[in-house]
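Okay, so here's the structure we're looking at.
Labels below follow one simple rule: chain letters A, B, ... track the order of the sequence lines, proteins then strands, and each chain is numbered from 1.
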There are 2 protein chains.
Amino acid sequence: MDMDIVFKALADSSRRQLLDLLYQENGRTLGELCEHLDMSRQAVTKHLAVLEEANLVAVVWRGREKLHYLNPVPLQDIYERWIGKFERQRLHALHTLKTRLEEDDES
Amino acid sequence: MDMDIVFKALADSSRRQLLDLLYQENGRTLGELCEHLDMSRQAVTKHLAVLEEANLVAVVWRGREKLHYLNPVPLQDIYERWIGKFERQRLHALHTLKTRLEEDDES
DNA sequence: TTGACATGCAACCCGCAGGTTGCATATTGA
DNA sequence: TCAATATGCAACCTGCGGGTTGCATGTCAA
């Protein structure tokens, strides 16, 4: 799985805002999403294309309308394969620190 | 807290590789880190500056050597304030789905 | 003291991301 | 059938990210 496109997709605050909008209300249309961003419709389209590429957003056509749905699975992947690793390291460090302190306490 | 610089810092694969290197062995010097990347020392310096800016890496000088230490706290922040939110949504969706299926099962 | 070593600083180059504008296409509803 | 609506496509502009090179600075060791 290519984490890079997901990280790149998340790097832009407008795209994170789009994900947030879909989090608040899923299945929004392009026009609806545009109302919340201060840029042209085409710019929003490009951002959504990046999110689709990263598999963070899925699209369903209803007539002439394009409905956008949030897919949080890649976020889960990033956590499991990336953030979680460092997190476990941190917890281990905290545990080590705690143990050290207790040892110091005893001496 | 400014999540944006952290996301931006994570968006580059070379920088993620640097974090990985520090994860494997903390407190590495600039020269040591350079040995693992296929680019000039100055390029690595710039990447490390971005990571410092995002507070993902802390630096300690020892004589003429610059030691780099990993700080996973911003990663934890990103998870808690960002990924976790969507994750809870997903779990909730799964739970709803499960309940629906069980209801269908009963009918 | 001096040369080698580790790093910093600054200028520069270039591709591409993020934005725009203009026009085309397809669906809807009166 | 036709005008309004929702979106796509393509060309273009511009700033900046990621890289380079050249030289300066500070520290160590003989």
- Nucleotide D:dG18, atom C1' - distance to CZ of B:R16 in whole Å: 15 Å
- Would you mind telling me which residue lines up with the more 5' stretch of DNA chain C, A:R62 or A:S14, judged by nearest nucleotide? A:S14
- Message: Tell me whether the side-chain N/O atoms of A:S40 come closer than 4.0 Å to OP1 or OP2 in C:dT20.
- Response: yes
- Kindly indicate whether the side chain of A:R41 and the base of C:dG19 share any N or O donor-acceptor pair separated by less than 3.5 Å? no
- Query: Whole-Å distance between C:dC16 P and A:K46 NZ?
  - Reply: 14 Å
- Item | Residue whose closest nucleotide on DNA chain C lies nearer the 5' end, A:D38 versus A:G63 | A:D38
- Message: Listing request: all salt bridge (Lys or Arg N to Asp or Glu O under 4.0 Å) pairs with a residue in residues 34-59 of chain A, at least two apart in sequence or in separate chains.
- Response: A:E52-A:K66
- Rounded to the Å, how far apart are A:W61 CH2 and C:dA26 P? 11 Å
- Presence of salt bridge, B:D20 and B:R16, under 4.0 angstrom: no
- Message: In whole Å, I'd like the distance from the CZ atom of A:R28 to the C1' atom of D:dA6.
- Response: 17 Å
- Please give, in whole Å, the distance from D:dG17 P to B:H47 NE2? 12 Å
- Message: Using a 4.0 Å heavy-atom cut-off, does A:R15 contact any base of the nucleic acid, only the sugar-phosphate backbone, or nothing at all?
- Response: sugar-phosphate
- Task: When you get a sec, tell me which of D:dT21, D:dG8, C:dG18 is the closest nucleotide to the side chain of A:K66?
- Result: D:dG8
- Query: For B:E65 and C:dA4, what is the distance between atoms CD and P respectively, to the nearest whole Å?
  - Reply: 19 Å
- Task: Look only at the side chain of B:T29 and the backbone of B:E32, and say whether a donor-acceptor pair between them is shorter than 3.5 Å.
- Result: no
- Message: Any N or O donor-acceptor pair under 3.5 Å from the base of D:dT5 to the side chain of A:R64?
- Response: yes
- Task: Can you check whether any acceptor in the base of C:dG22 is under 3.5 Å from a donor in the side chain of A:Q42, or vice versa?
- Result: yes
- Under 3.5 Å, is there a donor-acceptor pair between the side chain of A:N26 and the main chain of A:L70? yes
- Message: Side chain of B:T29 only, heavy atoms from C-beta on: which candidate in D:dT20, C:dA6, D:dG18 is closest?
- Response: C:dA6
- Item | d(CE, A:M39; C1', C:dT21) in whole Å | 16 Å
- Round to a whole Å and report the spacing from CZ of B:F7 to C1' of D:dG17. 19 Å
- Are B:T45 and C:dG8 close enough that a side-chain N or O sits under 4.0 Å from OP1 or OP2? yes
- Message: Here's a test for you: under side chain to side chain donor-acceptor pair (under 3.5 Å), which of B:R15, B:Q17, B:Q42 qualifies with B:H47?
- Response: B:R15
